[in-house]
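Just the heavy atoms: all of them, side chains too, but no hydrogens, waters or symmetry mates, feed the values below.
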Amino acid sequence: MTRKLTCIVCPMGCPLTVELEGKKVLSVAGNTCPRGEKYAVSEYTAPTRVLTTTVRVAGGTEPLVSVKTTAAIPKELLFEAMEVLNSLTVKAPVALGDILAENLCGTGVSVAAGKSVASQK
């Protein structure tokens with residue numbers, strides 16, 4: 001079976017052609033660097049994504065803080081992770097890089113603040 005996808009590792013956006021046998025990747029063509037091949041194999045065997053979203057802030061100068069996972073998590077856990085983060089409220093102040101949740105959905109991956117939010121005066 002042949003599948004086509006676009007590499008998203010860098011801005012080049014190489015068009016990849018992946019030869020598959022079931023879930024096994026036999027070959028990857030079209031990549032201009034080794035990262036494209038690695039991406040294609042990962043995408044078909046165990047796809048992952050970095051999750052970016054917002055979390056509520058109590059007592060802050062802003063009601064939300066941007067957050068992202070510190071590493072990619074399995075794609076099939078994205079909706080579960082969003083449920084967890086949608087139910088989370090953190091207390092101000094929040095500093096850029098603060099870890100706001102650990103071991104998200106049992107992945108061992110943390111969630112970090114993407115900006116600072118001061119406390120209300």
Side-chain angles (χ1 to χ4, degrees):
M1 171 186 331
T2 301
R3 298 283 188 188
K4 295 193 179 284
L5 70 146
T6 301
C7 183
I8 60 171
V9 176
C10 77
M12 294 278 294
C14 295
L16 305 176
T17 302
V18 183
E19 290 290 328
L20 299 162
E21 186 177 283
K23 280 286 215 178
K24 182 179 178 188
V25 176
L26 301 176
S27 68
V28 177
N31 52 304
T32 57
C33 71
R35 294 181 299 170
E37 181 176 2
K38 183 177 176 185
Y39 166 74
V41 170
S42 172
E43 191 63 15
Y44 281 103
T45 58
T48 61
R49 298 290 185 270
V50 172
L51 177 61
T52 59
T53 188
T54 56
V55 168
R56 284 184 209 76
V57 178
T61 54
E62 298 182 47
L64 300 170
V65 62
S66 59
V67 298
K68 75 174 194 171
T69 54
T70 57
I73 63 172
K75 188 176 174 182
E76 68 267 10
L77 292 178
L78 289 177
F79 288 107
E80 181 182 339
M82 281 302 300
E83 286 180 18
V84 169
L85 295 176
N86 284 337
S87 69
L88 181 64
T89 300
V90 297
K91 199 171 183 183
V94 176
L96 171 67
D98 278 357
I99 300 300
L100 304 180
E102 294 181 342
N103 195 23
L104 182 63
C105 299
T107 61
V109 174
S110 298
V111 176
K115 68 177 198 173
S116 297
V117 176
S119 296
Q120 290 179 336
K121 297 199 179 212

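In this structure Arg56 satisfies the salt bridge (charged side-chain N to carboxylate O under 4.0 Å, His left out) test with no other residue, sequence neighbours excluded.
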Would you please test Thr70 and Ile99 for side-chain contact (heavy atoms from CB on, under 4.5 Å) and show each step?
-> CA-CA 9 Å; Thr70 57; Ile99 300 300; 4.2 Å; yes
List the steps and the verdict of side-chain contact (heavy atoms from CB on, under 4.5 Å) for Thr69 and Thr107.
-> CA-CA 10 Å; Thr69 54; Thr107 61; over 6 Å; no
Please step through side-chain contact (heavy atoms from CB on, under 4.5 Å) for the pair Thr45 and Lys23, ending with a clear verdict.
-> CA-CA 6 Å; Thr45 58; Lys23 280 286 215 178; 5.7 Å; no
Decide yes or no on side-chain contact (heavy atoms from CB on, under 4.5 Å) for Asn31 and Cys7, but give the supporting numbers first.
-> CA-CA 8 Å; Asn31 52 304; Cys7 183; over 6 Å; no
Please step through salt bridge (Lys or Arg N to Asp or Glu O under 4.0 Å) for the pair Glu43 and Arg49, ending with a clear verdict.
-> CA-CA 10 Å; Glu43 191 63 15; Arg49 298 290 185 270; 2.8 Å; yes
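Contact detail for Leu16 and Ala40: the closest heavy-atom pair is CD1-CB, 3.9 Å.
The number of heavy atoms from other shown groups lying within 6.0 Å of CD (Glu76) is above 12. More than 12 heavy atoms of other shown residues, nucleotides or ligands fall within 6.0 angstrom of atom CE in Met82.
Under the 4.5 Å side-chain heavy-atom criterion for grouping Ile, Leu, Val, Met, Phe, Trp and Tyr, Ile73 is not connected to Val9 through any hydrophobic cluster. By the rule that hydrophobic residues join a cluster once side-chain heavy atoms approach within less than 4.5 Å of another member, Leu26 and Val18 end up as members of separate clusters.
Under the 4.5 Å side-chain criterion, counting only non-hydrogen atoms from C-beta, Val65 is not in contact with Asp98. Taking the side chain as every heavy atom from C-beta outward, Val111 and Thr53 never approach each other to under 4.5 Å. Looking at heavy atoms from C-beta onward, Tyr39 lies in side-chain contact with Leu5 at the 4.5 angstrom threshold. Within the 4.5 Å cutoff, no side-chain heavy atoms of Val57 are placed close to those of Glu62.
We find the NZ-CG distance between Lys68 and Leu51 to be 11.0 Å, quoted to the nearest 0.5 Å.
No side-chain donor-acceptor contact under 3.5 Å links Gln120 and Thr61.
Under the 3.5 Å distance criterion, the side-chain polar atoms of Thr89 are left unmatched by any main-chain donor or acceptor of Ala58.
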